[in-house]
Amino acid sequence: MEILTTSEMERADRLTIAAGTPGFSLMLSAGQAVAEAAMDLVETGPIVVVCGPGNNGGDGFVAAAELAAQGRDVSVILMCERDALHGDAASAAKGWKFPVLPFTPQAIGRPALIIDALFGAGLSRPVTGEPHDVIAAINGNGAPVLAVDLPSGINGTTGAVMGIAVRATETVTFFRKKPAHLLLPGRQHCGRVRLADIGIAPQVLAEIRPQAFENDPELWQGHFPVPRIDGHKYARGHVLAMSGDVTATGAARMAARAALRAGAGLVTLASPRDALAVNAAALTAVMVRAADTAIAFGELLGDKRYNTCIIGPGTGVSERTRDLVYTALTAQRHLVLDADALTSFADAPERLFEQLRAMAEAQIVLTPHEGEFPRLFSDLSNKHPGRSKLERVRAAAVRCGAVVLLKGADTTVAAPDGRAAIAANAPPWLATAGAGDVLAGIIAGMLAQGVPAFEAACIGVWMHGEAGNEAGPGLIAEDLPETLPAVFRRLYDRFGIEY
């Protein structure tokens, strides 16, 4: 599903209003959705609604009136004077026929539920003063919290905490999620996210044309590779993965096995001669070929059936690794560049980017983590808190001319054309040695089968997360390829594919 930035969501509201739906009708629907969520969260007990001065507060007033009409014990705390409210928020406040409590931490009391309707997604400056103290009191109260649109204190576009932020049990948002519902640390503050229909027609998306999406199977279902009954292994591609030396062979083997599990018809490990025996003893379905140098690697690529390469896991940070990358690029192969293949260009990233931008036909994916990303894109590092992960990865993809995948609990994929996807299905136990090597292999397996780079990266990320969920706590990276058949079966069931 599409993700809308705060400005895109504001445009969706304006387009809906221009088409004849009053803004106050949208507010009524939003407030009623909040009230419904509140009833689901707590069946009895008092409810406190903390309202801000804008439309988020207006949603809170509507919710409070609806809950009171349902017989619930409701109190409203307002950040400003009632007569300071304007527009739809003022109209909503008129529907609340009871007094409002002073905007102090003490006014919260001991409710069964707190509804946070302070700021929503539009916050652009740090929270200070009384709002800071009230948010601190909300977090320290112990009652469950229902946030309206987005927990107050979270920047809707970047997901950043603006000084302090509400930690919600559940968040009700409207029409489409925003980046902060998926990006960290915002996602950690949202709790469960409930998406409510408030009367915005999906047709507005045709004019807004959003290019960010939640990484979900519906995004890439049309590109998901399904073997044909009349197919054969060479029709499903042949992946060539480069191994490290005798002391660093495991990473490439895990990537190779994952590529095979992901559906590549054949996988070969190109191995330095000193590691041939180690690799051959540890592999069965994955073939092993000798390749000590970039020249030998290039000779292997003389076989056109090798259509996809993996370079980086365990290859070492060196001129040799750079030469391996240049060799694969010259051969016009689909390519996953991970780990050492990225760091090897840290002193001259533009040399790599020039080559990538010249690759019109090949599908290429770069898979850095946050430690590797600034080695290639130093000015786009996470040390610049005003720029979201989504913005950084998009900028990196444009700069290098390839698909960039920035790993993490909120792994984000971006293509040079501006498309981007944020994942939210990865379990915490995926943070283990070798998991990234398996991800590189899954993506390569998809590329080998003809999946375009953006979709291959998105599929790989989603399946990687689901493989982690399937393996469960205590997994090690070697477990992940073995859980992929179960992930495939779930996808086949979801897509209605017989097997």
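If you read the sequence from its start, that first residue is 1, and numbering goes on from there. All values reported here derive from a predicted model rather than from experimental measurement.
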Keeping the roles fixed (side chain from E372, backbone from H369), state whether a donor-acceptor pair exists under 3.5 Å. yes
**Report entry** Any donor-acceptor N or O pair under 3.5 Å, side chains T157, T6
**Finding:** yes
Would you say the side chain of D437 lies within less than 4.5 Å of the side chain of D338, judging by non-hydrogen atoms? yes
Q.
I'd like to know whether L41 forms a side-chain contact (heavy atoms from CB on, under 4.5 Å) with R192, so could you lay out the CA-CA distance, the side-chain angles of the two residues, the decisive distance to 0.1 Å, and finally the verdict.
A. CA-CA 11 Å; L41 267 176; R192 297 181 300 273; 3.3 Å; yes
| message | Can you tell me how the ring of Y492 sits relative to the ring of F488, calling it parallel under 30°, perpendicular over 60° and tilted otherwise? | response | perpendicular
When you measure from the centre of the six-membered ring of F213, is the NZ or CZ of R419 closer than 6.0 Å and no more than 45° off the axis?
no
CA sep, side-chain torsions, deciding dist, call: L491, I497, side-chain contact (heavy atoms from CB on, under 4.5 Å)
CA-CA 8 Å; L491 277 174; I497 301 169; over 6 Å; no
Do any side-chain atoms of residues 49-61 form donor-acceptor pairs under 3.5 angstrom with protein atoms, and if so which ones, sequence neighbours left out?
from	atom 1	to	atom 2	distance (Å)
N56	OD1	L118	N	3.3
N56	OD1	G120	N	3.4
N56	ND2	V148	O	2.9

Exercise answer: donor-acceptor pairs, residues 72-81 side-chain atoms, under 3.5 Å, sequence neighbours excluded:
from	atom 1	to	atom 2	distance (Å)
R72	NH1	V42	O	2.9
R72	NH1	E43	O	3.4
R72	NH2	V42	O	3.2
R72	NH2	T44	O	3.3
R72	NH2	G45	O	3.2

Only one of D40, T173, T171 passes side-chain hydrogen bond (donor to acceptor under 3.5 Å, both in side chains) with R194, and that residue is D40
*Does a salt bridge link R167 with D116, judged by any charged N lying under 4.0 Å from a carboxylate O?*
no
Point to revise | Step-by-step side-chain contact (heavy atoms from CB on, under 4.5 Å) determination, I114 to V166 | key: CA-CA 11 Å; I114 301 170; V166 166; over 6 Å; no
A397 and P416 have their tightest heavy-atom pair at O-CG, 3.6 Å
Go through M9 and K178 one step at a time and tell me if the side-chain contact (heavy atoms from CB on, under 4.5 Å) criterion holds.
CA-CA 8 Å; M9 187 64 211; K178 298 172 182 65; 3.9 Å; yes
